[in-house]
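Right, one structure below, let's go through it.
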Amino acid sequence: MSVRLTLRDITVAAPRPLPVLLLLDVSGSMAEDGKLAALNTAVRDMLHAFAQEQAGGAEIHAAVLAFSGREARVHVPLRPARDVQFDVLEAAGHTPLGSALTLTTRILENRDLVPGRAYRPTVVLVSDGVPTDEWEAPLEALLASPRASKAVRLALAVGEDADLEVLTRFAGEAHVRRAAEARQLRRFFRFVTMSVTARSRSATPDQAVTLPDLGTDDGFDDLDL
Amino acid sequence: MTLISKGHLPLADHAFGASVAGPAHVAARVGNQDAWTCTHWPSEHGTVYCAVVCDGLGSRLHARDGARAGVRAAKQAARQWSRAPGAPTGLLVRLLEVLWRLEVAPLPPDDCAATCLVALAVPDGSGRRLVLLALGDGLAAAETQQGLQSVGGRAEAEFSNTTAALGTPHHMNDWQVLDLRPSGRVRVLLLSDGIADDVSAQRVPDLLTWLAGLEGRPAAARGQTLRRALRQWPVPGHSDDKTVVYLHIGGVGV
């Protein structure tokens with residue numbers, strides 16, 4: 001007896017992914033002035049919001065890449081946000097940005113991790129310092145790679161010591177902001193969260209992203225970066 | 001024995017298609033930005049079959065106009081090109097590109113950007129010539145005695161909704177072309193990316209089989225079934241417009 005095919009048998013069972021990669025500097029200096037605590041809170045809230053997003057459309061997938069010590073590591077592997085378990089990050093050591101960029105390129109070029117039917121990924125780089133490894137060649141490799149170069153790239157400089165020029169070369173001037181206080185860091189992450197969730201529901205999820213102004217430090221925030 | 005007859009659609013041939021607006025466009029009260037046709041006309045040596053699917057890029061202001069213009073341009077180009085036996089496919093592509101720009105004028109081409117799939121079957125001696133063209137991320141496939149061959153689909157370096165299209169900067173060699181001379185039965189499938197992205201290459205023959213199962217139904221019921229199936233697309237979170245065209249030439253008795 002032949003069984004009649006249905007479209008459910010023929011089509012893929014998963015929604016189209018909308019990948020978000022967070023590249024987070026967790027070098028020793030992030031432990032100062034409450035920066036790491038603010039970052040952990042903002043990332044946790046973002047991942048929680050992504051996990052709650054059930055409006056249909058694209059499925060948000062998230063990964064957290066942490067860089068400190070000698071090289072970057074995958075803190076949370078790329079997976080549907082609802083399946084993400086986030087353990088707080090700890091800060092120590094140097095700022096191996098080049099290693100983080102190489103890892104990012106490797107992930108975005110991997111069609112098993114990021115299939116062709118995925119929407120354009122978003123990569124968010126957060127750093128408070130100056131790279132301590134060779135980063136220019138890995139950045140050029142990312143910008144020249146066929147798939148990784150097409151990602152939406154956003155960057156946040158945390159505090160006054162962050163190398164704005166490096167972040168600008170990564171994301172372009174229009175896609176870099178500086179957070180001098182915890183509230184601005186939270187505002188940046190809230191904006192990225194809203195932007196990604198709006199894209200996941202949109203008829204045109206690959207529309208350009210415009211970063212807002214993060215506001216000024218009015219001296220009334222709970223943490224001083 | 002061939003069932004192709006001059007000026008008539010032979011009994012054994014089937015051609016149908018359907019297109020529906022995706023849930024995202026329905027929710028936003030935006031019209032379907034895909035367009036399609038499946039037509040035939042008589043020629044000196046038999047019947048010419050032409051199928052077209054165009055998908056207006058969702059981010060463009062006049063995507064719907066661009067897709068419709070693509071269908072008109074492809075049909076005009078196919079009619080003209082099919083009158084010149086043995087003409088190179090490059091001429092068909094160039095003609096289509098020029099006619100599309102004339103069709104969208106005076107709108108800026110970039111505001112009308114659309115992907116384009118064409119299948120053209122032209123009588124050629126005792127057999128036929130089958131040309132498949134694809135610019136962008138839809139899929140055009142043909143099943144012949146030589147097996148399944150296809151053009152289009154998502155390029156290696158692309159993500160969803162990033163694609164080459166009429167009206168965007170591209171080279172002539174961004175057009176993927178299959179120029180076949182099949183004998184016997186031919187089945188052709190054109191899919192906009194709203195469907196093609198959700199059907200793996202290994203499953204395309206199954207989709208052909210599923211569509212072949214609709215061949216025997218009356219046209220009205222078949223169209224209704226097909227549109228309902230596309231509206232109730234089983235992939236979670238699907239949002240795109242969806243268009244499919246199916247063409248079966250030289251069926252029973254060939």
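Proteins get letters first, then strands, A, B, ... in listed order; numbering begins at 1 in each. The analysis underlying the following values was restricted to heavy atoms, covering all of them including side chains, and did not include hydrogens, waters or symmetry mates.
- Contact between A/I10 and B/V199 at its shortest, heavy atoms only, is CG2-CG1, 3.9 Å.
- In this structure, the portion of A/T6 lying under 4.5 Å from any heavy atom of chain B is its backbone and not its side chain.
- The environment of A/E90 atom CD is sparse: at most 12 non-hydrogen atoms of other residues, nucleotides or ligands sit within 6.0 angstrom.
- Closest non-hydrogen pair, B/D198 versus A/R117, comes out as OD1-NH2, 2.7 Å.
- Remark: B/L208 CG to A/L5 CG distance equals 11.0 Å, nearest 0.5 Å.
- Closest approach of A/R4 to B/G213, counting heavy atoms only: NH1-CA, 4.3 Å.
- Atom CG of A/L7 and atom CH2 of B/W210 lie 4.5 Å apart (nearest 0.5 Å).
- Other residues, nucleotides and ligands contribute at most 12 non-hydrogen atoms within 6.0 Å of the CZ atom of B/R68.
- Not a single salt bridge (Lys or Arg N to Asp or Glu O under 4.0 Å) links A/D133 to another residue, sequence neighbours left out.
- The neighbour count for B/H62 NE2, taken as heavy atoms of other residues, nucleotides or ligands under 6.0 Å away, is above 12.
- Residues B/P234 and A/T11 share a closest heavy-atom pair of CG-OG1, 3.4 Å.
- With a 6.0 Å radius and a threshold of 12 heavy atoms from other residues, nucleotides or ligands, B/Q146 has its CD atom above the threshold.
- Listed for the B/R203 side chain is a donor-acceptor partner under 3.5 Å among the backbone atoms of A/D9.
- By the 4.5 Å heavy-atom criterion applied to side chains, A/R16 and B/D240 are counted as neighbours.
- Among the residues in residues 165-176 of chain B, none has a non-hydrogen atom closer than 4.5 angstrom to a non-hydrogen atom of chain A.
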